[in-house]
Amino acid sequence: MSQQMVIIGAGLAGLSAAYTAARQGWQVWLCSSLPSERAQSVMAEGGINAALDTQGQDDSPDQHEADTLRAACGLADPNAVQAMTTAAPALVEALADLGVPFNRTVDGQIDLRYFGGQKKKRTAFSQSDTGKQLMTALIDAVRRYEGEGGVRRLAHHDFLTLLHDGTTCTGVCLRDTWSGERCDLPAQAVVIATGGLHGLFSCTTGSLADTGAVTAELFRLGLPVANGEFIQYHPTTIASNGKRMLVSEAARGEGGRLWVLKQGRPWYFMEEKYPELGNLMPRDVTAREIWYHCQAGETVWLDLTGLDKSVFSRKLAGLVADCQLYGGVDIRRQPIAVSPGIHYFMGGLYVDEWHRTPWQHLYAAGECACQYHGANRLGGNSLLGAIYGGRKAACTAVEEGRERPLPRIAQVQLPPAATSPVQLACLRQHLDQALGVVRTGAVLSQALERITALPGALPLLGRALLQSALGRQESRGAHWRSDFPRRDDDRFLKTTLAVYDGRQITLSYRPVPEKRG
């Protein structure tokens, strides 16, 4: 009998893990209750980073690594980042072989575009729908193993809790949402790949159905959450159906410009303040600059009207359609008003560079895990981190669980009742207000006081995010405190760890690993 792996979440990281494990002969159970997994990755529109150097710019994985670490403001594990950037070119070529229709140059090579925080064209793309195309290719790849019985999908099952003995994971406890029945599923390895915590907020480009409930339950069980204070705001979003719609960084990568009116004329503030990278400064910098203008009552415009028509048809067609549908603006002919919105969570379940959590045989990958991005994610690294991370987690799980017998099902206590919709709305309101682009200790403390009485694992996780932000008394990357505006490497060049012991949340700090050799 083949070894069993349970993967919770069927986004890019989960599909990558499933494909990797199935190829090595493992029986994979792929579990998710979300109606459309594609929604989680469609927002990652702009592209996937890899130093392919098809543009003759003398790029390399070492330069990709350096840009990633620079954006991370000292908090990313350099060994993990080096492994990811080294693997990236071959990974993107492998995705092309799976059928991803990357844009091509006239001589047939994978085309690349500029992206934030990078001086080289390094971001491979498929129009402005890269995430969707990657999802489609990986879904098709996994379905081939599903047809052979190597992958079994549990598409209407909710995660309830882990099966465990306190330090070792032995499987998962699920609920069939159709029948209401509980299902205990033992496994040699469990991979968590449930995405970010977007459902805890309303000012977000992510799916509100992705509530973060799995991360919250694992946190309730005692698994640490790392760097929860680092929440990336994408600089350019628009309001859409009670949340935010992404206006991809691809727009600025292809030449889009940001401006505000100054004395009756457009002032291209990013280009004047940051002449080296201009509109493609790292996202934390660009988001703060736009936020300051919005706070001053000014409208910030993203202007693409000067781009060649072929750029819209070949590279930005999806973005043109989305802005027309959801924003009522034809970006080919007029600027569009933008403001920052939550787009990515650098923090998450603590894992090491092999994607192991502190519990044996439990792994995490993708946006739900704290890996690769430190204090601020480099644009174009989210898709790479998810796919590479899913593969890495699965490889580690396969190696460590190869000789492990199928565990016996342990008796576990089911979690308390879920947070109600009214309580969740209250939680979102306070987290939106406190964990904004710019924060203060007073507002963070007030929000913490107001959500402490809310029951359930989600408010508990919300408290961990607030306490992590309160504890980091400095400004670094995506965490910006107006009451502590300077970076403080003496005290905080460390990873934040929040742990719940059943009674209270405690914070500790772990040094960033040194680079080997």
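From a predicted model like this one, the values you see are computed outputs, not experimental measurements.
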Any side-chain to backbone donor/acceptor pair from D432 onto S202? Under 3.5 Å, distance only.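 Answer holds: yes.
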Around atom CZ of R23, are there more than 12 heavy atoms from other residues, nucleotides or ligands closer than 6.0 Å?
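Not buried by this count: 12 neighbours or fewer within 6.0 Å.
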- prompt: Can you tell me if OH on Y326 sees more than 12 non-hydrogen neighbours from other groups inside 6.0 Å?
  reply: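 Atom OH in Y326 is not packed in, count stays at 12 or less.
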Give every donor-acceptor pair under 3.5 Å between a side-chain atom in residues 8-21 and any protein atom, sequence neighbours left out.
from, atom 1, to, atom 2, distance (Å)
S16, OG, I387, O, 2.6
S16, OG, R391, N, 3.3
T20, OG1, S16, O, 2.8

Residues which pass salt bridge (Lys or Arg N to Asp or Glu O under 4.0 Å) with R113, listed by chain and number, not counting sequence neighbours
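Partners of R113 by the salt bridge (Lys or Arg N to Asp or Glu O under 4.0 Å) criterion, ordered by chain and then number, come out as E254.
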Query raised in the report: salt bridge (Lys or Arg N to Asp or Glu O under 4.0 Å) with D67: which of K119, R122, R377?
Result: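 The salt bridge (Lys or Arg N to Asp or Glu O under 4.0 Å) with D67 is passed solely by R122 among K119, R122, R377.
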S475: side-chain contact (heavy atoms from CB on, under 4.5 Å) partners, not counting sequence neighbours
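Once residues adjacent in sequence are excluded, the partners of S475 under the side-chain contact (heavy atoms from CB on, under 4.5 Å) criterion are W480, R481.
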With sequence neighbours left out, write down each residue that passes side-chain contact (heavy atoms from CB on, under 4.5 Å) with N79, or none if nothing qualifies.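 D77, E353, P513, K515, R516.
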Inset, instruction - Measure the acute angle between the ring planes of H479 and F230, then classify it against the limits of 30° and 60° as parallel, tilted or perpendicular. - result: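 The arrangement is perpendicular - the two ring planes meet at more than 60°.
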Check: So F345 and F201, would you call those rings parallel, tilted or perpendicular, with 30° and 60° as cut-offs?
Finding: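 Correct class here is tilted.
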Q) Are a donor atom and an acceptor atom from the side chains of N49 and T123 found within less than 3.5 Å of each other? A)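 Checked: N49/T123 side chains pair up, N/O donor to acceptor below 3.5 Å.
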Next on the checklist: Assess the residue pair Y233 and H343 against the criterion (ring pair (Phe, Tyr, Trp, His ring centres under 6.0 Å)); give the C-alpha distance rounded to whole Å, side-chain angles, the decisive distance to 0.1 Å, and a yes or no.
Outcome noted: CA-CA 5 Å; Y233 278 75; H343 186 56; over 10 Å; no
Quiz item: Side-chain contact, heavy-atom cut-off 4.5 Å: V300 with W259?
Solution: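 SC-SC contact between V300 and W259 ruled out.
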Measuring only between side-chain heavy atoms, which start at C-beta, is P340 closer than 4.5 Å to P235?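 No; the side chains remain at least 4.5 Å from each other.
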Could you list all the side chain to side chain donor-acceptor pair (under 3.5 Å) pairs where at least one residue sits in residues 359-371, not counting sequence neighbours?
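Side chain to side chain donor-acceptor pair (under 3.5 Å) check on residues 359-371 returns T168-Q360, H198-E367, Y363-E400.
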* Asked: What residue pairs, at least two apart or across chains, pass side chain to side chain donor-acceptor pair (under 3.5 Å) with a residue in residues 81-91?
  ->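 Matches after skipping sequence neighbours: none remain.
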Check: Think R510 forms a cation-pi with Y350, using NZ or CZ under 6.0 Å from the six-ring centre and within 45 degrees of its axis?
Finding: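 Yes - R510 lies over the ring of Y350, closer than 6.0 Å to its centre and within 45° of its axis.
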